[in-house]
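Report on the structure given below.
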Amino acid sequence: MTTAVTPAGGTAAKEPYRLRWAGLAVLCLSLLIVVMANTSLIVAAPGMLRDLQLTSADMQWIIDGYTVPYAALMLLFGVLGDRYGRRRALLAGLIAFAAGAVYGSFADSAGDVIVARIVMGVGAAVIMPATLSLLVAMFPVHERARAIAAWAATSGLAIALGPLLAGWLLESNSWGSTFLINVPIAALAAIAALILVPASKADDLTRTDWVGGALSVAALGGIVYTIIEGFHFGWGTGVIATSIGSVVAAVLFVGWELRHPRPLLDVRRVADRTVGGACMSVLLLFLVAFGAIYFVAQQFQFVLGYGPLETGLRLLPLAATVSLGAALSGRLAPRLGARILVGAGMIAAAAGILTLTVTDGASGFTPFLISLLLLGLGIGLATPPSTDLIMGGFPDSDLGAAGGLNDTAVEFGGSLGIAVLGSILATTYHREISGFLDGLPLANLPDPMADQAAMAIEAAGDSVGGAAIVAEELAANPFAASYAQPLLDASSAAFAQAISSASLVAGIVLLVGAAAVTALLPRGLHTRARSEAQIGS
């Protein structure tokens, strides 16, 4: 199979594409809004909760509405991009993403927001693998490590830029503006793609494995949904049934792909120790990164009292060190090799998250700054070589599948991080604050007041955000104002212990993962330096 890159005239380019670095900027801009759509929700959520009177189930579905289709469809859409055109796929994804953002900006109910997020998730599932496959198609082998480093740095930038941009908008606008800001960015990226990004597709890919595609969607979507719903709302009958169905779909997918002459994903390549180890590193890094952002943002807003813009500004160190780490990775990869860089990056990230195990209720910004700096540096060092190894493990005709695999690892890891670490966070917080809440003098309150107090206690025990809102209401009531500050102190201490517990689990997972990945990756392995014989075997 061959891959054609046709800048304008329609014939395959023999020389490296002349505008490849400008084209890379377009791909990075497209990637930016995909990641920002998730992280901007961190600071937009409180306004949405108040204006739309969302329940916890509504809020979770607003998150899941983007995450589930995003994770489920990336592999299939990556392969479809290979067949029908990668630039076409990028443009289609940007249009769908912008359409969902427009709808979301005018939404006036939880259902409308959920629909908008689903449409945006579908668009993101088209955009994300297209950016990687186009990148590899545009750049010659010796430049791909640097290009992928820039692509990976963009992900880190978007993690912090999402809350920062959303916070700036929320200073003078409603939460709908955080949706609408995506539209001009998507339009700019689409226009620039038509000018600067070459058309590219796999010439020999004439058949699409639709059965494998359907099974992959069922398996990935079901697994992500099960993880999120199970850890947040319990393992009810529906969740268990979905988990069993997704496991069955996954087994059928592997069996089908092993027998299909043109599989959606060559699972034998995934079993290769290099590709498998690289996928594991990406998954674990983003598991920790998304989990950390989830509880650090809550600490900033509800404990330290930062506004949306201040929260975004204080997440910038993460973006800065991701960019620094990616730049260092691009320079060091040819000298040290991927194995050392990936292992060192995972250890640095583990050190960053373990820093948070020493926090307490009186901790200020400093330990979180140190944690974000180390976490960002680790992600920046390890992600580019890992991504390059995944893309290098597939022939150029399967770039869409390779990009989909890498991006699925990112999103699957992020979903795990928010679900598993978020569950540990919530359970520990509830356990730690329950003693204080149980000791509040409510026995002699008349029925209407007792009911209100019970609801307030439930909200305060559910989350640190709920406790902050209850404390604010207590402070405004002359008869209950004396309980406001003790509640804030108790919730701060309980949340600090919850962060410590979740961070300890995350750090151990990442250290064990670093050892496993280092053992899997062969010695002396260099990014994209694998021979054509290795890739084709």
Side chain proximity check, [X] to [Y], heavy atoms < 4.5 angstrom:
| X | Y | value |
| --- | --- | --- |
| L90 | L27 | yes |
| V224 | F412 | yes |
| L264 | F253 | yes |
| L315 | L164 | no |
| I223 | I227 | yes |
| R87 | P198 | no |
| L215 | E257 | no |
| S200 | M138 | no |

Tell me the side-chain hydrogen bond (donor to acceptor under 3.5 Å, both in side chains) pairs involving [range], sequence neighbours left out?
| range | answer |
| --- | --- |
| residues 405-418 | T387-N406 |
| residues 119-140 | T131-W151 |
| residues 27-37 | none |

I'd like to check the salt bridge (charged side-chain N to carboxylate O under 4.0 Å, His left out) partners of D209; sequence neighbours left out, ordered by chain and number.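 In terms of salt bridge (charged side-chain N to carboxylate O under 4.0 Å, His left out), with neighbours along the sequence ignored, D209 is linked to no residue.
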According to salt bridge (charged side-chain N to carboxylate O under 4.0 Å, His left out), who are the partners of R20, at least two apart in sequence or on a separate chain?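 Scan of R20 (salt bridge (charged side-chain N to carboxylate O under 4.0 Å, His left out), adjacent residues dropped) gives E143.
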I'd like to know if R269 and D272 make a salt bridge, using a cut-off of under 4.0 Å between side-chain N and carboxylate O.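 Answer for the salt bridge query: no.
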By side-chain hydrogen bond (donor to acceptor under 3.5 Å, both in side chains) - contacts of S329 (at least two apart):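 With neighbours one apart ignored, the set is empty.
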If the condition is side-chain hydrogen bond (donor to acceptor under 3.5 Å, both in side chains), which residues does S500 pass it with, not counting sequence neighbours?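 Partners of S500 under the side-chain hydrogen bond (donor to acceptor under 3.5 Å, both in side chains) test: none.
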Looking at F365, does the NZ or CZ of R314 lie under 6.0 angstrom from its six-membered ring centre and within 45 degrees of the ring axis?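 That pair qualifies as a cation-pi contact.
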Separation of [Y] [atom2] from [X] [atom1] (nearest 0.5 Å):
| X | Y | atom1 | atom2 | answer |
| --- | --- | --- | --- | --- |
| L421 | L504 | CG | CG | 11.0 Å |
| I127 | M120 | CD1 | CE | 9.0 Å |
| L381 | I347 | CG | CD1 | 11.0 Å |

Taking ring pair (Phe, Tyr, Trp, His ring centres under 6.0 Å) as the definition, give me every residue that meets it alongside F139, ordered by chain and number, with sequence neighbours left out.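 Once residues adjacent in sequence are excluded, the partners of F139 under the ring pair (Phe, Tyr, Trp, His ring centres under 6.0 Å) criterion are W21.
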For the residue pair [X] and [Y], what are the closest heavy atoms and their distance?
| X | Y | result |
| --- | --- | --- |
| P385 | L341 | CG-CB, 4.2 Å |
| S501 | T428 | OG-CG2, 3.6 Å |
| S371 | L356 | OG-CG, 3.5 Å |

After noting the C-alpha distance and the side-chain angles of L375 and I379, does the key distance pass the side-chain contact (heavy atoms from CB on, under 4.5 Å) rule? CA-CA 6 Å; L375 182 59; I379 293 170; 4.1 Å; yes
Please tabulate, one pair per line, all N/O donor-acceptor pairs under 3.5 Å involving side-chain atoms of residues 91-101, not counting sequence neighbours.
none

Any side-chain to backbone donor/acceptor pair from T274 onto L521? Under 3.5 Å, distance only.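 No; judged by distance alone, with no hydrogens or angles, the pair does not exist.
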CA sep, side-chain torsions, deciding dist, call: F368, I499, side-chain contact (heavy atoms from CB on, under 4.5 Å): CA-CA 11 Å; F368 295 94; I499 288 177; 4.2 Å; yes
Extract all donor-acceptor atom pairs below 3.5 Å that involve side chains of residues 277-300 and protein atoms in other chains or at least two apart in sequence.
from : atom 1 : to   : atom 2 : distance (Å)
S281 : OG     : A278 : O      : 2.7
S281 : OG     : S386 : OG     : 2.6
Q298 : NE2    : Y294 : O      : 3.3

Within residues 309-328 or reaching into it, pairs that qualify as ring pair (Phe, Tyr, Trp, His ring centres under 6.0 Å) - sequence neighbours excluded: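 Counting only pairs at least two positions apart or across chains, no ring pair (Phe, Tyr, Trp, His ring centres under 6.0 Å) contact touches residues 309-328.
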Would you give me the side-chain donor-acceptor pairs under 3.5 Å for residues 65-81, sequence neighbours excluded?
from : atom 1 : to  : atom 2 : distance (Å)
Y66  : OH     : V34 : O      : 2.7
T67  : OG1    : I63 : O      : 3.1

